[in-house]
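Comments concern the structure below.
What you are looking at is a predicted structure, and each value in this text was computed from that prediction instead of being measured. Here is how names work: the chains are called A, B, and so on, in the same order as the sequence lines, proteins then strands, and each is numbered from 1.
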Amino acid sequence: MKTIELRPDQPFDLDLTLSCGQAFRWEKTNGWWRGVVDGRAVRIRQDGSRLMFEGADDGFVRDYFRLDQDLPAILSSIDRDAAIGAAIRECRGLRLVRQPPWECLISYLCATNTNIPAVKRRVALMAERYGRPVDGPSGRAYAFPGPEALAGVPHGDLWDCKLGYRTNYVREAAGYAAEHPDWAERVAALPFEEARQALMQLRGVGPKAADCVLLFAFGFFEAFPVDVWIRRIVGEMYLPDLGKNCTPAEYERIRRFSRDYFGEYAGYAQEYLYCARGPARRAA
DNA sequence: CGCCAGGCTGTGC
DNA sequence: GCACAGCATGGC
């Protein structure tokens with residue numbers, strides 16, 4: 001068992017961070033969060049200012065949870081009005097984790113027009129069936145399968161992972177990534193808008209999925225993914241003349257406004273607004 | 001049952 | 001350029 005003593009001036013809330021819907025492979029049972037990240041089967045819990053964990057080293061935990069990122073400075077930079085201020089007070093300590101690009105890409109490919117529990121099931125099924133088994137402190141788990149593994153899965157078998165119409169998108173992305181193993185490095189090296197366009201070349205990856213991958217995996221904190229919840233919230237709070245559904249032009253307007261309004265960490269504002277929305281605030 | 005969900009693609013105008 | 005159907009699946 002390893003521990004990290006959190007700095008008192010750097011808030012961190014493990015439950016909010018892992019339950020807010022940014023990452024799909026964490027489950028909490030008996031007070032412990034269990035998940036698999038980059039082939040590591042991790043078990044972690046928070047007791048006040050102390051993080052206790054197994055299955056990963058200190059450096060990995062600090063990196064994954066971005067514990068060295070100055071959260072109070074970020075939150076004060078996006079704290080532009082009473083509405084976002086309330087979300088910040090409600091979710092203080094939520095940090096954007098650094099997700100592995102490949103798993104993040106496939107996760108958000110599987111997250112179109114669906115809900116979070118269904119995404120978690122799809123990702124879990126792919127891992128259990130095609131991922132490498134990893135024996136960790138809490139039994140057997142499965143790494144998320146790499147591009148080569150997924151590219152070789154017959155269509156019908158991937159379909160059985162409940163991917164539905166997204167099945168071919170995942171297969172095509174896997175084929176592409178298997179052929180271009182440096183795809184993530186190349187995206188990471190691009191300026192934000194170019195990286196965004198590069199991701200959107202993949203079938204099944206539109207503006208929303210691209211923005212999620214840029215934000216959650218590549219650390220482009222100016223990315224502002226607009227799903228139906230965020231569209232609703234931004235419409236109520238900031239752009240009351242928005243239409244009902246989110247056309248490409250409206251998506252563009254919302255993300256441009258939000259980027260300008262909240263600043264270079266607009267992605268944090270997005271996640272705090274999303275997390276503070278009504279339904280999913282089930283205290284883990 | 002119907003409506004909604006971390007949307008996107010293809011088609012038609 | 002914009003609108004609109006269709007889409008698999010599961011929660012509620």
- [ ] Give A:Glu250 one of three labels, base, sugar-phosphate or nothing, depending on what nucleic acid heavy atoms sit under 4.0 Å from its own.
- [x] nothing

Open item on the list: So, does A:Arg203 get its side chain near the phosphate of B:dG7, meaning an N or O under 4.0 Å from OP1 or OP2?
Closed with: no

Open item on the list: If I take atom OH in residue A:Tyr169 and atom C1' in nucleotide B:dT9, what distance separates them, rounded to the nearest angstrom?
Closed with: 5 Å

Open item on the list: What is the separation between atom CD1 on A:Ile116 and atom C1' on B:dC4, rounded to the nearest whole Å?
Closed with: 13 Å

TODO: Would you state whether a donor and an acceptor, one from the side chain of A:Tyr165 and one from the base of B:dG7, lie under 3.5 Å apart?
DONE: yes

Task: Distance between P atoms of B:dT11 and C:dA8 (Å, rounded) - done: 15 Å

Open item on the list: Using whole Å, what does the distance between atom P of nucleotide C:dT9 and atom CZ of A:Arg166 come to?
Closed with: 9 Å

Open item on the list: Is the shortest side-chain heavy-atom distance between A:Arg34 and A:Thr29 below 4.5 Å?
Closed with: yes

TODO: Could you tell me the separation between the CD1 atom of A:Ile254 and the CD1 atom of A:Ile233, rounded to the nearest 0.5 Å?
DONE: 11.0 Å

Open item on the list: Rounded to whole Å, please give me the gap between CG in A:Asp160 and C1' in C:dG10.
Closed with: 16 Å

- [ ] Check every strand shown and say whether A:Thr167 touches a base, only sugar-phosphate, or nothing at a heavy-atom separation below 4.0 Å.
- [x] nothing

TODO: For A:Gly204, answer base if it contacts any base atom (sugar-phosphate contacts may also be present), sugar-phosphate if it contacts only those atoms, and nothing otherwise; contact means non-hydrogen atoms under 4.0 Å.
DONE: sugar-phosphate

- [ ] Report the nucleotide, chosen from C:dT9, C:dC2, B:dG7, that has the shortest atom-to-atom distance to any side-chain atom of A:Ala249.
- [x] C:dC2

TODO: Return no unless some side-chain N or O of A:Trp229 is found under 4.0 Å from OP1 or OP2 of B:dC4.
DONE: no

Task: Length of the line joining A:Arg231:CZ and B:dC4:C1', which is rounded to integer Å - done: 14 Å

Open item on the list: On DNA chain C, compare the nucleotides closest to A:Thr112 and A:Pro117; which residue's is nearer the 5' end?
Closed with: A:Thr112

TODO: Looking at every strand, decide which applies to A:Pro207 at a 4.0 Å heavy-atom threshold: base, sugar-phosphate, or nothing.
DONE: sugar-phosphate

TODO: Give one of base, sugar-phosphate or nothing for A:Arg232, where a contact means two heavy atoms less than 4.0 Å apart.
DONE: sugar-phosphate

TODO: Assign the ring pair A:Phe60 / A:Tyr64 to parallel, tilted or perpendicular, where the plane angle (0 to 90°) is split at 30° and 60°.
DONE: parallel

Open item on the list: Nearest heavy atom decides the nucleotide; on that basis, is A:Pro248 or A:Asn113 closer to the 5' end of DNA chain C?
Closed with: A:Pro248

Task: Among A:Lys162, A:Arg122, A:Arg121, the one residue meeting side-chain hydrogen bond (donor to acceptor under 3.5 Å, both in side chains) with A:Thr114 - done: A:Arg122

Task: A:Tyr251 OH to C:dC2 P, straight-line distance once rounded to whole Å - done: 16 Å

Task: Distance below 4.0 Å between A:Arg121 side-chain N/O and C:dG11 OP1 or OP2 - done: yes

- [ ] Report the hydrophobic cluster partners of A:Met200, with the cluster defined as I, L, V, M, F, W, Y residues connected by side-chain heavy atoms closer than 4.5 angstrom, directly or transitively.
- [x] none

Open item on the list: Under 4.0 Å, counting only non-hydrogen atoms across every strand here, what does A:Val205 touch: a base, just sugar-phosphate, or nothing?
Closed with: sugar-phosphate

Task: Whole-Å distance separating the CG atom of A:Asn115 from the P atom of B:dG7 - done: 9 Å

Open item on the list: Under 4.0 Å, heavy atoms only, any strand: does A:Leu215 hit a base, just the sugar-phosphate, or nothing?
Closed with: nothing

Task: Pairwise distance CZ(A:Phe144) to CZ(A:Phe24) - rounded to 0.5 angstrom - done: 11.5 Å

Open item on the list: Expressed as a whole number of angstroms, how long is the span from A:Leu109:CG to B:dC8:P?
Closed with: 9 Å

TODO: Check every strand shown and say whether A:Lys208 touches a base, only sugar-phosphate, or nothing at a heavy-atom separation below 4.0 Å.
DONE: base

